[in-house]
Amino acid sequence: LAVAIEIRADGTLHADFHGTGASVRRGINVPFCYARAMVLYTIKCLTVPELPNNGGMTVPITALAPLGCLLNAQPPSATGARHMIGHYVAPLVLGALAEAAPDRVMADCGMMNLLTVQGTHRDGRPVSTLYFASGGFGALSGHDRPEVLPAPSNMAVVPVEVWETLTSTSVVSKRLLADSGGAGKARGGLGQEVVIRNDSGNLLTVLCMANRTEFEAKGFAGGQPGRLRELRLDGTTIDPKGRHQVAPGACITLIEAGGGGYGDPRERAREDVLRDVRMGFITAAAAAQHYGVDAAEIDAALLDRRID
């Protein structure tokens with residue numbers, strides 16, 4: 001993917017995606033309307049995020065992608081999993097504008113994970129549904145970002161009780177992953193671990209559409225990247241974009257990516273680092289390695305956590 005952003009003298013903005021590769025023989029190609037929508041969304045976030053969506057806000061923003069490229073797919077190119085590429089348009093645009101608007105852009109996000117689950121419920125009903133799980137949000141200048149919040153999508157996870165009832169699987173555990181958010185003056189949002197057990201008594205088929213498994217969420221302005229996403233089946237790492245059979249009693253584990261940090265970690269306020277240690281968001285080792293906090297301060301913070 002490639003983009004050049006031009007801010008013109010008349011106040012308009014143009015995004016040119018020339019240099020982006022051609023469409024591929026997989027369902028990850030992106031219709032141009034989707035790519036353009038991501039450009040509009042990103043520019044709105046940088047300028048007037050509180051403005052209600054309307055036609056007028058789109059007029060000063062134009063975009064162009066070569067016909068038949070990955071971001072302007074033409075028939076018969078498949079686009080069913082377009083989010084796997086299309087979600088990268090937002091961080092691509094933010095990265096292009098990082099030097100021009102350093103106080104407005106955010107570091108890369110851990111993005112969303114999506115599983116298609118198919119099989120048979122323990123009561124005999126067929127099951128075919130989607131499970132969403134989120135990584136951490138990217139940090140901004142002066143702002144830590146939320147843990148396990150998706151971007152640029154706005155998907156919500158199915159509540160555990162509803163999911164278990166619909167699928168006869170069990171969510172064994174969900175927990176935040178310490179140190180998964182990129183270190184920085186502002187810390188990236190944490191990813192999470194979700195363990196789902198097949199309690200249906202039947203074989204389940206799981207189709208994975210995970211990203212951020214090879215390209216971590218980048219930090220900005222000296223911030224560090226977040227942790228990569230990983231999927232495991234009974235403890236063994238599996239293809240994050242593959243089709244897998246989950247036997248009765250087997251567990252699939254989703255390790256969600258962390259968001260990137262913003263700014264030099266050594267400039268982070270000591271009280272914020274120690275608060276993160278007390279909350280379990282970062283480990284003592286990370287506090288010392290990335291933030292330069294000495295052992296005595298860390299020990300005191302850990303003691304406070306035990307007392308609490």
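Predicted, not measured: the structure shown is a model, and the values here were computed from it.
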Just by distance, do the side chain of [X] and the backbone of [Y] share a donor-acceptor pair under 3.5 Å?
| X | Y | answer |
| --- | --- | --- |
| Lys44 | Leu51 | yes |
| Lys241 | Ala210 | yes |
| Asp108 | Lys218 | yes |
| Ser23 | Cys69 | yes |
| Arg229 | Asn211 | yes |
| Asn29 | Thr79 | no |
| Arg232 | Cys251 | no |
| Arg104 | Leu46 | yes |
| Gln224 | Gly219 | no |

When you compare the side chain of [Y] with that of [X], does any pair of heavy atoms fall below 4.5 Å?
| X | Y | result |
| --- | --- | --- |
| Ile196 | Thr167 | no |
| Val277 | Tyr291 | no |
| Leu177 | Leu190 | no |
| His14 | Thr12 | no |
| Leu70 | Val24 | yes |
| His121 | Ser200 | no |
| Val3 | Thr20 | no |
| Ile252 | His244 | no |

Go through the side-chain N and O atoms of Glu230 and Thr213 and say whether any donor and acceptor fall under 3.5 Å apart.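 Looking only at side-chain atoms, Thr213 and Glu230 do not form any donor-acceptor pair under 3.5 Å.
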
Verdict with supporting geometry, Arg266 and Asp264, salt bridge (charged side-chain N to carboxylate O under 4.0 Å, His left out): CA-CA 5 Å; Arg266 298 286 172 143; Asp264 185 346; 5.8 Å; no

Identify the two heavy atoms, one from [X] and one from [Y], that lie closest to each other, and give their separation to 0.1 Å.
| X | Y | answer |
| --- | --- | --- |
| Phe137 | Ala151 | CE1-CB, 3.2 Å |
| Gly261 | Ala107 | O-CB, 3.5 Å |
| Met209 | Ala81 | SD-CB, 3.9 Å |
| Ala35 | Leu71 | CB-O, 3.7 Å |
| Pro102 | Ser141 | O-CB, 4.3 Å |
| Pro31 | Arg82 | CD-CD, 3.8 Å |

Just verifying a value: how many Å separate [X] [atom1] and [Y] [atom2], rounded to the nearest 0.5 Å?
| X | Y | atom1 | atom2 | value |
| --- | --- | --- | --- | --- |
| Met112 | Met84 | CE | CE | 9.5 Å |
| Thr283 | His290 | OG1 | NE2 | 7.5 Å |
| Phe17 | Arg36 | CZ | CZ | 11.5 Å |
| Met111 | Glu256 | CE | CD | 13.0 Å |
| Leu115 | Phe132 | CG | CZ | 10.0 Å |
| Asn72 | Cys33 | CG | SG | 9.5 Å |

Assess whether side chain to side chain contact (heavy atoms under 4.5 Å, CB included) is satisfied between Arg187 and Asp272, documenting all intermediate values. CA-CA 9 Å; Arg187 178 180 52 77; Asp272 291 339; over 6 Å; no

Is there a side chain to side chain contact (heavy atoms under 4.5 Å, CB included) between Gln74 and Phe32 once you walk through the steps? CA-CA 9 Å; Gln74 302 297 305; Phe32 181 65; 6.0 Å; no

Please step through side chain to side chain contact (heavy atoms under 4.5 Å, CB included) for the pair Arg268 and Asp144, ending with a clear verdict. CA-CA 10 Å; Arg268 184 166 175 79; Asp144 291 351; 2.7 Å; yes

Going only through I, L, V, M, F, W and Y residues with side-chain contacts under 4.5 Å, is there a path from [X] to [Y]?
| X | Y | result |
| --- | --- | --- |
| Met38 | Leu149 | yes |
| Val117 | Leu207 | no |
| Leu140 | Ile43 | yes |
| Leu114 | Val171 | no |
| Ile282 | Ile255 | no |

Take atom [atom1] of [X] as the centre, draw a 6.0 Å sphere, and report whether it contains more than 12 heavy atoms from other residues, nucleotides or ligands.
| X | atom1 | value |
| --- | --- | --- |
| Arg270 | CZ | yes |
| Glu6 | CD | yes |
| Arg8 | CZ | yes |
| Phe215 | CZ | no |
| Arg243 | CZ | no |

The test is salt bridge (charged side-chain N to carboxylate O under 4.0 Å, His left out); show your working for Glu271 and Arg278 and say whether it passes. CA-CA 10 Å; Glu271 58 267 28; Arg278 285 193 297 271; over 6 Å; no

For the pair Tyr131 and Val206, evaluate side chain to side chain contact (heavy atoms under 4.5 Å, CB included) and give the outcome as yes or no after the intermediate values. CA-CA 10 Å; Tyr131 187 83; Val206 175; over 6 Å; no

Is there any side-chain hydrogen bond (donor to acceptor under 3.5 Å, both in side chains) pair reaching into residues 149-165, and which pairs are they, with sequence neighbours excluded?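 Found Trp163-Thr169.
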
Restricting to pairs with a member in residues 33-63, which pass ring-ring contact (aromatic ring centres under 6.0 Å, His included), not counting sequence neighbours?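 Counting only pairs at least two positions apart or across chains, no ring-ring contact (aromatic ring centres under 6.0 Å, His included) contact touches residues 33-63.
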
